[in-house]
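It should be emphasised that the depicted structure is a prediction, and the values quoted were computed from it without experimental measurement. Each chain gets a letter, A, B and so on, in the order the sequences are listed, and its residues count up from 1.
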Amino acid sequence: MIESAATFAFACFALAMLMNLWKVVTAPDVADRILALDTMFINAIALMVLYGMALGTEIFFEAAMIIAMLGFVSTVAYARFILRGNIIE
Amino acid sequence: MSLFLIAALPFLGAVFPALLIRAGRNAAASAAGLTTLLAFIGLMLHIPAVFRGETVYAAVDWLPALGVNAHFFLDGLGFLFAAMILGIGLLIILYARYYLSREDPMGQFYSYLLLFQGAMVGIVLSDNILLLLVFWELTSLSSFLLIGYWKHLPEGRQGARMALTVTGSGGLAMIAGMLMLGHIAGSYDLSVILQNKEAIQSSDLYLPALILILLGAFTKSAQFPFHFWLPHAMAAPTPVSAYLHSATMVKAGLFLMARLWPVLAGTPEWFYIVATTGLVTMLVGAVIALFKDDLKALLAFSTVSHLGLITMLLGFGTKIAAVAAVFHIINHATFKAALFMTAGIVDHEAGTRNIKRLGGLRHLMPVTFTIGMVAALSMAGIPPLNGFLSKEMMLEETAHTIWNGSHLIVPALATVAALFSAAYSFRFIAHVFLGRKRDDYPGHPHDPNTGMWIGPAFLVVLVVLIGLASAKIAGPMVATAAGAVTGGGELPYYSLKLWHGLTPALYMSVAATIGGLALLALHAPLQRIWNALPRPEAKTIFDALIGAFTRLSQFVTEGLHNGVLTRYAAIMVAFTVAIGYFAYRGGTLGTETRQLQEPGMLPVVGWFALVVATLFIVAKHRNRLLALVLIGVVGLVVSMAFNYLSAPDLALTQISVEVVTIILMLLALNFMPKETPVETPALTRLRDGAISVVAGLGAGGLIYALLMRDFAFPTISDFHLANSYKGGGGTNVVNVILVDFRGYDTFGEIIVLGIAAMVIFALTEAVLASKVRAYLLNRKPDLPQAGDSHPLMMVVATRVMMPLALMVAAYIFFRGHNLPGGGFIAGLVAAIAIIMQYMASGFAWATERQRYPYHAIIGSGVLIAAATGMGAWFNGKPFLTSDFGYLHWAPLEEFEWATAALFDLGVFLAVVGAVLLALESLSRFAWQPGISSEHAMDINPARDEAAKTGTEG
Amino acid sequence: MELLVASAVGILTAAGVYLILRRRSFPVILGLSLLTYAVNVFLFATGRLVTGAPPILNKYKEVAYTDPLPQALVLTAIVISFGMTAVVVMIALGAYLSSRDDGTAMPVEADGAEEEA
Amino acid sequence: MMEHLLIAPVVLPALVAPFIIMVLRHHLDLQRIFSLASAVLLAGITLALAAQAADGTVKVYELGDWPAPFGIVLVLDRLSAMMIVLTSLLALPVLLYAIGSGWDTRGSNFHALFQFQLMGIMGAFLTGDAFNLFVFFEVLLIASYGLMIHSGGTRRFHAGVQYVVFNLLGSTLFLFALGTLYAVTGTLNMADLAVKVAQIPAEDTALLRVGAVMLLLVFAIKASLLPLHFWLPSAYANAPMPVAALFAIMTKVGAYSILRIYTLVFGPEVEATAGLTEAWLLPAALLTLGAGAIGVLGSKKLGRLAAFGAIASMGTLLIAVSLFTQTAAAAALYYLVHSTLAAALLFLVADLVMERQGQWILPQLPMPQTGLISALFFAAAIALAGMPPLSGFLGKLLVLDATRGADLAPWIWGVILLGSLVTIIGMARAGSLLFWKGHGLESEEPATSEAPPVDTLPAKPAQLPFVACFGLLGGLVALTVFAGPATRYAEATAAQLYAPAAYIDTVLGRTAE
Amino acid sequence: MENLFELLVAAFLVIAGIFGIVGSFGLIKLNDPMSRLHAPTKATTLGVGGVLLASMLHAAAFEEHFSYHELMITLFLFLTAPITANFIAKVHIHRQETRETMPEAGGDDHWATHDTPEDEERRHAAHNPPAEE
Amino acid sequence: MKLIWRLFPHPFLTLLLTLTWLLMVNRWSLNSLVFGFMLGVIIPFVTQPYWPNRPNLRRPLKIAEYILVVLMDIIQANIIVARIVLFKPNADRRPNWITIPLELKTPEAITALAGTITMTPGTLSADVSDEGHALLVHCLDAPNPDAVRDEIKQRYERRLMEIFE
Ligand code: NA
Ligand code: NA
């Protein structure tokens with residue numbers, strides 16, 4: 001049961017990532033692209049934790065945690081760039 | 001005196017004048033003269049041995065591996081030349097002391113002159129042909145300096161370059177020839193080579209070696225068609241012309257032909273190349289000389305002609321001709337040097353060398369006239385002077401020479417040449433000294449002081465004495481030298497006397513003299529015809545050639561290295577792929593030993609995302625921000641792929657580096673154009689696309705082939721897996737490799753990072769110190785700016801995030817040895833924690849709160865890593881040997897300590913410092929007065945409230 | 001899986017090379033980044049592709065591990081290329097700011113040389 | 001502690017540089033003192049190491065106490081000893097020059113970068129591990145980026161972009177090559193690679209060959225082999241000249257690596273990699289020499305002239321290297337030392353001229369110290385062109401002699417000799433324009449558009465730059481006079497290179513059988 | 001008991017998957033940029049949250065050890081998601097809106113994104129009289 | 001006392017950090033506790049300059065309550081929003097801006113409120129006013145904006161007022 005649920009979840013998040021990808025490359029506005037990339041980061045976290053669960057290992061935890069932290073930084077950086085041009089001022 | 005010393009003295013002497021010039025012109029001249037005199041005396045000490053027919057040797061091995069050795073020997077030929085070089089050198093030194101004016105840097109002159117003298121002495125004393133080459137090229141170089149000595153004269157520069165080009169290239173050809181010759185003979189020592197006539201003449205390499213060596217000799221001795229450089233070298237001061245271009249350097253080619261005569265001469269090839277060249281040169285030189293109005297040009301072409309004469313004699317290949325050649329070498333040196341010095345005196349005193357403006361000087365300069373007349377008559381071949389004797393011998397030999405079946409052609413042409421020779425000699429006397437005194441000389445002609453005429457006078461005395469008593473005075477010398485030229489053995493009978501009876505030579509001689517007088521009489525109309533004739537001007541051709549070649553070189557160089565990186569890179573990639581493919585085709589590809597693994601859903605999705613993002617980067621790269629966003633996708637997918645493929649450390653590193661890189665690029669992009677224009681034509685893009693596709697196919701194909709095959713041998717990482725815990729104290733094998741097995745790589749790596757940051761810092765300083773700073777200060781943002789540069793929410797969030805992130809960094813640091821993580825990733829995380837502060841609260845605010853200079857953090861990181869490595873020395877172990885153990889402090893559980901952690905701390909610090917220094921430097925570009933805020937956030941109701949009530953700052 | 005990785009390396013390489021052949025410094029830097037990805041994956045893949053076997057020693061049971069060495073090498077390579085990228089970004093910026101020209105070709109220069117006969 | 005001397009050439013600058021950054025960042029005089037002292041000490045250390053290696057023993061230093069091939073080892077043999085000595089002896093005059101000319105004050109962190117540069121070069125010469133070679137290549141490269149753009153300037157920045165991008169391509173290729181070699185053999189240690197490569201089955205050589213040749217191309221980029229040399233002219237011509245002088249050793253790192261790897265690992269008798277280079281390496285080297293010589297003649301700027309001179313000398317060197325015979329290797333090694341010193345001298349002299357007259361090869365008014373400078377230029381020119389009496393001529397003779405048996409011998413000879421001729425014509429042209437023509441210029445309009453402002457010239461000429469130049473010239477003279485011993489060392493080195501068994505056995509800890 | 005856990009884990013996974021995909025679907029479906037910004041919050045909260053809960057539960061139930069470090073991920077997501085949303089919203093306001101098209105800013109003049117340097121100076125003058133510190 | 005403040009500039013933070021350490025190491029042990037606490041002390045001390053003023057958390061217990069309320073709301077809102085996203089045609093949706101006048105003054109409190117609003121699906125804090133007295137919220141579907149504003153003020157701002165001020 002868990003296995004099929006996990007497969008379902010995998011499929012959902014994978015599909016979600018493809019949707020994000022679609023948005024990243026086709027969105028009319030760069031703000032949408034940044035948003036899509038940020039969402040991609042979040043889906044990636046989910047996928048990573050899922051994968052770790054499937055393998056029964058905790059080895060992917062750090063990566064997920066770091067992505068949670070860093071996805072934010074890069075998204076803010078992109079946004080700041082559009083808002084201010086200069087991201088450190 | 002040792003031959004070494006004789007050869008070395010001029011070089012030593014070259015040092016003194018330059019040093020002594022402060023002490024005055026006389027000191028410089030004396031130093032030059034004394035060293036030359038010393039060498040000359042040293043040489044004379046060998047007279048008894050040389051005239052006994054012995055050979056004096058001196059040998060020291062220099063470069064035995066190659067066979068280039070300081071082997072010198074002195075035989076008759078060498079003695080003759082060395083005596084000429086040093087003897088005439090002495091006279092020239094004396095002459096030059098008075099000839100050069102006060103403005104001329106005399107120290108330099110004597111230095112160059114002695115340098116040249118040394119090189120010449122070296123040539124004639126060398127027993128090693130490679131050593132000879134060294135001196136040979138040195139004569140080219142030093143004569144370059146001497147010809148260009150008068151730096152203000154363009155003719156000097158051009159003449160110098162021309163001489164260097166022609167003689168230098170001949171010398172280079174000779175190098176090849178000599179190497180071949182030495183190869184055939186099995187040694188580069190002349191004394192060995194000269195014993196190997198049969199081997200050399202029967203070798204396949206004989207002809208190429210001969211041609212190459214003769215190229216050297218002919219260019220040096222100004223043989224047709226390389227003769228053109230010599231007249232232009234006359235731009236040199238007259239002492240130089242007298243020395244180099246009459247007595248010595250141009251004779252080096254003759255010397256070489258004489259030196260190698262025993263092994264090279266005697267073949268048809270030799271005869272036809274050498275004798276023909278000599279004959280043509282003799283004729284051409286003599287004809288041109290007659291029509292030259294410049295005294296020195298006249299003498300220069302006469303020299304060409306006489307050099308041709310000697311070359312022709314050597315080319316005949318008979319021993320008796322060789323004797324004549326040697327004899328004429330001596331005679332020519334005496335009268336020609338005297339003539340040059342005479343010309344120099346005339347030039348010096350009358351203020352011009354143009355024959356057209358001279359005449360009648362006999363009355364004003366009787367001494368000079370006497371000297372010049374005797375020398376010129378000798379050149380014309382008038383008895384009883386020495387020139388007559390050797391010319392007679394020459395004519396006699398031509399009479400016996402058959403050229404391609406013809407008995408007549410050589411003697412006939414030789415007679416014509418002699419006729420012209422007589423004519424220009426007579427002209428020298430008649431048009432300069434004879435005739436009516438003029439009143440329009442540019443100078444005030446009078447005889448010079450003794451120092452200037454004593455040299456030529458001495459030579460003229462020799463001219464007369466040799467002519468009158470040749471057998472006594474020149475006989476032994478000629479015999480000894482000719483003996484050396486012909487390679488020992490008996491010389492055939494010859495006699496050096498004025499009257500041989502009514503020989504063909506006498507008739508030819510008489511014809512030449514009479515004809516010469518006739519030509520002189522007809523000179524004016526002949527000159528008009530000559531001037532009307534179209535004839536190739538060698539200098540124009542040469543200049544055009546060299547100019548064209550220089551422009552071609554510029555064109556090729558500028559065209560090839562046109563500064564377009566795109567093309568460089570395209571060539572590099574294409575070349576690499578081509579060579580890689582070539583290498584691949586040369587081997588065999590084994591069968592696949594691994595199975596394809598079925599990819600699950602995740603890899604396919606990831607692959608798809610990666611490919612789409614990558615292709616869109618290419619398609620959309622002109623929108624730079626968009627490309628950066630897409631790069632973020634690629635980075636994320638690659639990082640996930642690392643995770644998926646069992647590389648968590650890589651995933652962590654990749655994603656953290658990714659973020660920092662993007663921040664960095666955004667910082668830079670702020671100042672750069674946001675769009676890339678379309679510049680390349682479609683065809684170029686197509687070409688680039690083709691190159692890229694091929695490169696991609698190469699890389700992809702290569703890794704595919706590798707992935708489908710196992711290692712050919714067990715890998716060394718089996719050892720790492722087996723020893724990571726036992727020997728390295730960690731279970732994260734990747735980390736143990738990084739800090740222990742291959743800690744040295746990591747040491748290098750953090751240094752790379754540290755240097756990168758320093759470079760960025762230094763660059764920032766450089767840019768901000770330049771005019772760019774003004775531009776930056778007044779720069780308006782490219783795009784409209786939103787308000788609220790330091791939003792409240794962001795500031796608050798990052799304040800909480802920072803300690804949390806540092807906690808994460810600590811966590812990742814401490815567990816790295818056993819689980820994914822380590823100092824590098826921890827460093828990046830910590831750096832990002834601080835960057836967040838910069839981004840949230842601003843550069844000025846964050847910088848103010850930075851207590852430790854980033855330089856120091858980098859430095860301490862590297863030092864800690866190095867010190868940890870060196871710590872092992874005190875344990876008697878090599879650099880970077882790690883140690884670890886377990887500590888137990890009740891009530892805590894035992895925990896592990898490892899020096900590797902200290903090393904990792906160094907890594908951590910270096911990374912933190914480097915990342916922050918780099919970003920901080922970049923951020924400084926944007927700094928403008930007034931943008932710094934004292935507050936972390938622009939909008940803060942609490943602050944406003946406090947300001948109103950005055951409670952809090 | 002091997003096909004996916006190999007084709008990804010190929011595509012990244014091709015895209016990287018194509019961008020490096022552009023005439024402005026920014027796309028060239030983008031190209032270098034892509035090429036860096038390509039080579040990192042390449043280098044990583046030389047340890048062959050293994051899933052679910054990270055080289056973290058398991059003290060309790062015998063398990064298979066993937067080859068840790070290429071991972072360590074890639075880590076070093078990532079760090080180094082990061083430093084290099086930072087420097088090239090900086091130099092490109094300096095070049096642009098000092099000439100307002102972000103082309104990668106050498107700026108054309110007034111020719112100060114004259115011909116001598 | 002003496003057994004740790006082998007790591008000292010790397011560790012010493014690695015300590016001095018951060019110390020300078022941390023403690024002496026604002027004290028120029030102290031920086032100079034420490035930097036110089038370090039350079040002197042380094043020279044002493046390398047000489048001591050050379051003394052150890054002179055008898056032909058191979059010394060191995062196992063970093064981290066891990067045996068080869070599992071850990072990284074440093075290896076000292078005649079070749080590496082020679083290279084580190086050359087590096088340290090080159091560094092001294094260059095550093096003196098940089099200090100004397102004030103170049104070190106025209107930007108930040110010069111001395112630290114200089115030390116790091118030395119560290120990278122030393123590390124590259126000493127390492128016995130292929131991947132570690134990559135790491136130290138990067139160390140020396142990144143330090144060189146910093147030194148190259150030291151003090152900034154528009155053209156320098158643009159040249160810097162090209163230099164860095166091209167070398168990053170090279171670094172990428174390096175990783176591709178190393179990855180391929182590792183994927184085939186499973187090892188990174190050079191000696192171990194040699195063992196493994198020799199045992200590669202004949203039916204599976206294609207991939208190994210690709211790896212091997214990519215590695216060669218990487219080194220060829222460093223060695224500026226045509227058509228991979230394009231990075232060099234702009235980079236060297238626009239670098240501060242003392243830095244370019246130091247870079248004279250960097251091209252040699254490429255040549256060294258080719259010699260090392262293609263004798264030790266892919267030696268001539270290894271069947272798997274047979275025929276890999278014969279068809280193209282030598283022609284490329286010939287073209288390199290040609291392009292360099294033509295470049296010397298075709299250069300309108302002094303810096304470029306020197307850079308092309310360096311390329312020409314690399315062409316000659318690579319001709320000798322590409323023959324892969326012991327005799328040619330010996331010739332190459334002798335020529336390598338010569339061309340390093342000669343190129344460095346030419347760059348320094350170029351700086352002396354450019355300081356006074358700007359960079360264009362144009363007739364100019366006479367400059368201060370013309371006599372000395374023109375003499376030095378003359379010496380550097382004949383050295384680099386391979387004219388007697390300096391060591392370049394001997395080196396060229398050695399190369400010509402060594403190539404006698406080669407198939408392309410006539411081509412080699414022709415190109416080398418013509419290359420010399422064109423080089424010397426180019427040098428003569430430049431020298432006569434710069435030093436002679438100006439004497440007639442007083443009355444004319446002075447062409448000083450590019451000349452530096454007068455105030456940058458020291459009122460009293462600094463002695464140190466001349467000391468540095470004469471130091472290098474002294475090196476050339478010594479190399480000429482002591483050509484016998486020098487070639488004996490080169491021959492012994494070549495012999496050691498072409499008998500790699502001792503190296504391999506020592507590194508892998510196997511007792512020689 | 002085990003079945004219950006299994007059921008729970010499976011349920012969390014299914015819920016997570018649904019909310020994950022809804023978030024990304026919303027990104028495509030919703031037709032105005034500000035609305036699109038809402039979508040990812042689902043993926044962040046219940047999407048990732050569900051997975052994390054499932055993972056924790058799974059570890060506790062089937063791998064005989066408790067695992068709660070997943071909470072760290074949640075912590076970070078909760079801390080950061082509002083900020084990213086805030087920034088992207090600001091980007092939108094900056095690029096698509098003007099002061100006039102925006103609703104009233106309460107008692108204040110305008111929204112921070114539409115602040116200009118002049119406004120900043122004005123505030124500075126009003127609230128930071130020169131005497132202050 | 002001053003010294004203690006200097007050493008523990010943010011006592012709650014120290015607690016939070018110790019907790020995060022224990023979370024991260026994923027293992028309760030004395031070692032971890034001691035080590036986590038050490039870091040929990042050191043890190044706030046080192047980073048103090050970046051967080052100069054100390055927010056007052058008056059009623060820590062209220063925090064737990066607040067978190068629970070928010071979590072419940074998140075679950076509820078998620079379902080509502082999922083329905084909107086999946087089934088409601090775009091045309092029927094009433095996206096809207098809402099201005100929320102703020103009584104909260106401290107940045108920390110405002111941030112907490114804004115964060116809460118964003119994390120509960122359906123609403124999103126977009127901006128603050130130029131003097132920080134109002135919060136701009138965007139609603140995915142708010143036919144009645146005033147109701148949303150009142151609920152936010154009631155459910156969240158009031159509680160946060162108690163916690164922070
Ligand atoms: Na160890
Ligand atoms: Na050369």
Side-chain angles (χ1 to χ4, degrees), chain B residues 63 65-66 134 137-138 151-152 157 161 164-165 169 172 176 179 553-554 556-557 561 565 568 571-572 575-576 579-580 583-584 586-590 705-706 711 713 715-716 719 740-741 743-745 748 751-752 755-756 758-759 762 765-766 855-856 859 862-863 866 873 877-881, chain D residues 4 7 14-15 18 21-22 62-66 69-72 107-109 116 132 135 138-139 142-143 146 151-152 162 183 186-187 196 203-206 209-210 213 217 227-228 230 233 275-276 294-295 297-298 387-389 398 401 413 417 420-421 425 428 432 436 439-440 483-484 487:
Chain B
L63 212 175
L66 182 59
V134 172
E137 293 289 58
L138 206 51
K151 301 179 176 67
H152 53 276
R157 287 196 300 277
R161 291 222 300 264
L164 179 66
T165 307
S169 46
L172 289 164
L179 283 173
S553 298
Q554 280 172 353
V556 168
T557 304
H561 310 88
L565 176 67
Y568 300 171
I571 293 173
M572 183 256 172
F575 186 69
T576 303
I579 295 289
Y584 173 82
T588 44
L589 186 64
L706 291 169
F711 288 103
F713 310 94
T715 85
I716 54 171
F719 178 92
D740 201 335
F741 294 116
Y744 186 58
D745 275 349
I751 284 177
V752 167
I755 300 172
M758 280 167 47
V759 169
E765 295 276 299
H855 274 100
V862 174
L863 284 181
W873 292 348
K877 298 280 186 174
F879 190 66
L880 289 175
T881 306
Chain D
H4 302 301
I7 185 85
L15 289 176
I21 300 170
M22 283 179 72
E62 294 178 338
L63 287 153
D65 211 15
W66 297 105
F70 313 111
I72 298 171
S108 310
N109 292 343
F116 276 135
N132 191 247
V135 171
E138 299 305 300
V139 173
I142 198 157
S151 91
Q162 301 201 337
T187 189
K196 300 279 163 67
E203 67 278 5
D204 196 8
T205 56
R209 291 167 65 87
V210 175
V213 89
L217 289 176
L228 307 172
F230 289 107
L276 212 48
I294 289 175
L297 182 58
M387 299 288 278
L398 281 165
D401 190 57
W413 285 30
L417 294 173
S420 279
L421 178 66
I425 293 174
S432 61
W436 288 356
H439 285 264
T487 46

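Side-chain contact between B:Asp740 and D:Trp66 is present, with heavy atoms from C-beta onward closer than 4.5 Å. B:Phe713 places none of its side-chain heavy atoms less than 4.5 Å from the side chain of D:Thr187. Here the side chains of B:Leu172 and B:Glu137 are in contact, with some heavy-atom distance below 4.5 Å. In this structure the side chain of D:Leu217 reaches within 4.5 angstrom of the side chain of B:Ile579, judged on heavy atoms. When side chains are defined from C-beta on, D:Phe116 does not count as touching B:Val759, because their heavy atoms never get closer than 4.5 Å. Contact check for D:Leu63 versus D:Asn132: no side-chain heavy atoms found under the 4.5 Å cut-off.
Interface residue D:Ile142: backbone and side-chain heavy atoms are both found under 4.5 Å from chain B. Using a 4.5 Å cut-off between heavy atoms, D:Ile72 contacts chain B through both its backbone and its side chain. Heavy atoms closer than 4.5 Å to chain D are found in both the backbone and the side chain of B:Leu138. Heavy atoms of D:Ile7 lying under 4.5 Å from chain B belong exclusively to its side chain. With a 4.5 Å cut-off on non-hydrogen atoms, D:Val139 touches chain B through its backbone and its side chain both. Interface remark: D:Ser151 contributes backbone atoms only to the contact with chain B (heavy atom separation under 4.5 Å). Both the backbone and the side chain of D:Pro389 have a heavy atom closer than 4.5 Å to some heavy atom of chain B. For B:Ile571, the part lying under 4.5 angstrom from a heavy atom of chain D is the side chain only.
With chain B as the partner, the residue from D:Met387, D:Glu138, D:Glu62, D:Met22 showing the most heavy-atom pairs under 4.5 Å is D:Met22. With chain B as the partner, the residue from D:Gly275, D:Gly107, D:Gly298 showing the most heavy-atom pairs under 4.5 Å is D:Gly298. The greatest number of non-hydrogen atom pairs below 4.5 Å with chain B, out of D:Leu228, D:Ile425, D:Asp401, D:Leu297, is found for D:Leu297. Ranked by heavy-atom pairs shorter than 4.5 Å toward chain B, the options D:Ala483, D:Ala206, D:Ser108 are led by D:Ala206.
Residues that satisfy the side-chain contact (heavy atoms from CB on, under 4.5 Å) test with D:Val210, not counting sequence neighbours, are B:Tyr584, B:Leu702, D:Met214.
Remark: the backbone N or O of B:Gln554 is not paired with any side-chain donor or acceptor of B:Thr557 at under 3.5 angstrom.
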